[in-house]
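Structure first, commentary second.
Atoms considered below: every heavy atom in the structure, side chains included; atoms not considered: hydrogens, waters and symmetry mates.
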Amino acid sequence: MSLATLTKDWAATSYGFLDASAKRELRRKMLKAIAVPGCQMPYASREVPMARGWGTGGLQATLTLVNPNSVIKVIDQGADDGVNAASIRRFISRVSGASETWDTLSATIVQSRHRVPEEIMREDQVLVLQVPNPEPLRGVEPNISIARQMHADADYGKLWLTLYEQIVRKGRIMQGASYPSMVNGRHVMTPSPIPRWDVPKLNMARHLTILSAGREKRLYAVPPYTRVEPLVFSDRPYLVEDHADLTCRRSGVSGFFMNELPQDGGGSVFEVSDSNLGIKAIDTAQGTPSEIGETWYRNGEFSA
Amino acid sequence: MSLDLGLPALERAAPRLMRAEPLLTMRDISKSFGNVRALRQVDATVYPGEVMGIVGESGSGKSTLLRMMNLEDTPDGGDYTLRLPGRENENLFDLARYERRMLCARHIGIVYQNPHLGLLMRHSSSGNVAERLLIAGERSFDVLRDKAREALDASEFPLDRMDARPIELSGGMQQRVQLAKAIALEPALLLLDEPTTGLDVSVQALVLDTLKRLQRDRQITMVLVSHDLGVIRTMADRVMVMRHGEVVEQGLADQVFQDPQHPYTQQLVHAKL
Ligand SMILES: Nc1ncnc2c1ncn2[C@@H]1O[C@H](COP(=O)(O)OP(=O)(O)OP(=O)(O)O)[C@@H](O)[C@H]1O
Ligand SMILES: [Mg+2]
């Protein structure tokens, strides 16, 4: 028996771009991350044909999860048609044979930057969030080794302290996106820069969420039906962005998270941030019925 | 003669103290750092409501012993028990790191000589106190605010500066913030490592006054380390004299100062007089 018979034939590319050992490592790390919800797992972030900081962490997670039957949706701040979202989606489909979609309901994997779709995700779907900075303690403890010890000790006093001081100084909590949240009552994670509006969607969600930071080489997870609780004081309620009363100027939907477009006159108009939701509403209005699934927010109120 | 003298002296302690069960018991604590034997088989007993003074020259192991009491460090050998509800017979050095940290946050307060060790200099003073309460699980902003104010007030800290950062405060005020932080959770044990060293004499007297008043009002059990015999004399009920990592003499403060038995203590007391 020669070595040649034991090894695989040479191939120009591997399925799903990453080589088998890279995917094996990522799978192991994802399983670990699921086993300890919210706990950051280091991984050997590989090179992908994209610069670090542009969603390489999310891309590697997606490339590991994908199979030829997958249906991929990629969004960048809610939109499917941004250059980055479109390129990532096309790349994934080209190296895996998976099909592409803009529709949250038909996707099996949703890779996202900075948003969670408005339609409720199901148990058979996976949300992959791109994370620029995975360490919620970075602001209070620049030393990563000490920050890891603090996670191990569940020592979140300093994190709470910064929230306390924001209220003392400004009368309210200033943290907007990336709101630190306690996962499963044990580890605090940063939910990636999603707005506060989206954080409640992760709490007891039916779907699995993988959060992956390619530049920082860490990933963590929120398994289905797991508690995700933003750090708040019992007598200072958690407030989401006040978009409940805004209406999208193009689709007419209201009660969802909006993008603000400042106008010349000084005012602003709003467009729904989950762009495919807006498209579906426009299609329906123009006589091509397009199913909008159940949404986490109804009439601007969170109600899942 | 050195160690034997400790016990009779202890028996001469005030009857009020002797009737109570000790709050703190340390047995046979030893600790080496490389070749330096910082503590050699030290025993210590502290009764509820008393002030135990520890004196001794630089390097005699006072701070090391106090760090053990604060569970910041573990010894090479020895037992440590505190009479806390549900923990009476537990050797605290056997606790897991996380439990040790929680117990320490809830039941032990400490004031260091160097405020940089005890305070987050870039956070507000009230926040420094609130952090203690947050670690212990308090989640109401209004309660945090009230309790922080209360503890700072009890430490006679000027409340109009309560949101200033310690780095902007005077040394005496910094010590008061440390003290407020230490007493915020009404600890069973308050440890003070040279709390007034480095302050000028008038400020030192004021901080000592605060400590005395706190002790009188709240009956907090204190362990006070100082190499200033004057400080120990005004504050302590009982005193332990340490040298080269050993306790050479202990007893009621008045007795030790008036009638020192060990040659080293005699030398100390006479040098002071
Ligand atoms: N972390 C450490 N590493 C090495 N040696 C140490 C350490 N901590 C203390 N020591 C040594 O142990 C001995 C006792 O130190 P300790 O700080 O307890 O003395 P002290 O009685 O508090 O003195 P001082 O009055 O100067 O504060 C000293 O010789 C010191 O050098
Ligand atoms: Mg010392």
Side-chain angles (χ1 to χ4, degrees), chain A residues 36-39 136-143 145-175 179-188 196 199-200 203 227-239, chain B residues 71-73 95-106 108-110 117-152 159-168 177 180-182 184-185:
Chain A
V36 192
C39 182
L137 295 173
R138 181 182 272 185
V140 296
E141 180 49 70
N143 183 328
S145 309
I146 296 178
R148 293 194 68 173
Q149 281 181 17
M150 289 165 73
H151 281 293
D153 290 341
D155 177 4
Y156 297 121
K158 279 194 197 165
L159 205 52
W160 280 102
L161 178 54
T162 57
L163 300 177
Y164 165 90
E165 292 190 330
Q166 286 175 13
I167 300 184
V168 169
R169 296 234 157 82
K170 316 272 185 191
R172 66 189 177 91
I173 292 175
M174 305 302 287
Q175 182 89 32
Y179 197 97
S181 303
M182 177 69 83
V183 184
N184 201 28
R186 175 61 183 83
H187 284 91
V188 171
R196 293 184 190 205
V199 177
N203 182 39
R227 280 178 295 138
V228 175
E229 294 150 323
L231 301 189
V232 278
F233 295 107
S234 56
D235 45 5
R236 293 290 187 282
Y238 179 76
L239 297 174
Chain B
L71 292 168
E72 274 169 67
D73 205 350
L95 291 182
R97 182 186 150 107
Y98 174 74
E99 273 189 295
R100 238 183 8 229
R101 227 178 55 82
M102 289 316 284
L103 184 133
C104 177
R106 274 164 204 268
I108 307 176
I110 189 161
L117 282 177
L119 295 178
L120 304 165
M121 285 294 175
R122 311 210 159 270
H123 289 277
S124 61
S125 300
S126 71
N128 267 282
V129 182
E131 194 212 5
R132 257 294 158 114
L133 305 160
L134 283 163
I135 290 173
E138 179 56 58
R139 291 293 177 262
S140 155
F141 177 81
D142 294 334
V143 172
L144 285 168
R145 195 89 185 129
D146 288 347
K147 285 199 175 166
R149 187 181 290 117
E150 207 176 287
L152 284 165
L159 289 183
D160 55 326
R161 306 293 307 275
M162 71 183 276
D163 293 319
R165 296 181 305 167
I167 203 155
E168 301 158 358
V177 178
K181 176 177 175 171
L185 280 174

Cut-off 3.5 Å, side chains only: do Ser126(B) and Tyr164(A) have a donor facing an acceptor?
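A donor-acceptor contact under 3.5 Å links the two side chains.
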Find the distance between [atom1] ([X]) and [atom2] ([Y]) and round it off to the nearest 0.5 Å.
X: Glu165(A); Y: Arg122(B); atom1: CD; atom2: CZ; result: 12.5 Å
X: Met102(B); Y: Asp155(A); atom1: CE; atom2: CG; result: 9.0 Å
X: Arg100(B); Y: Asp153(A); atom1: CZ; atom2: CG; result: 10.0 Å

Closest heavy-atom contact between Arg169(A) and Ser124(B)?
NH2-CB, 4.0 Å
Between Asp235(A) and Val143(B) the two heavy atoms that sit nearest each other are OD2-N, 4.5 Å
Which of Glu138(B), Arg132(B), Arg101(B) touches chain A most, by non-hydrogen pairs under 4.5 Å
Arg101(B)
Can a donor-acceptor pair be found, under 3.5 Å and without considering hydrogens, that links the side chain of Ser140(B) to the backbone of Ser234(A)?
no
Go through the atoms of Leu120(B) and report whether side chain, backbone, both or neither lie under 4.5 Å from a heavy atom of chain A.
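Contact with chain A is through the side chain of Leu120(B) alone.
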Side chain from CB out, backbone as N, CA, C, O: work out which of these in Arg97(B) comes under 4.5 Å of a heavy atom of chain A, or both, or neither.
side chain
Side-chain contact test, heavy atoms from C-beta onward, threshold under 4.5 Å: evaluate it for [X] versus [Y] and give yes or no.
X: Thr162(A); Y: His123(B); value: yes
X: Leu144(B); Y: Phe233(A); value: yes
X: Asp142(B); Y: Arg236(A); value: yes

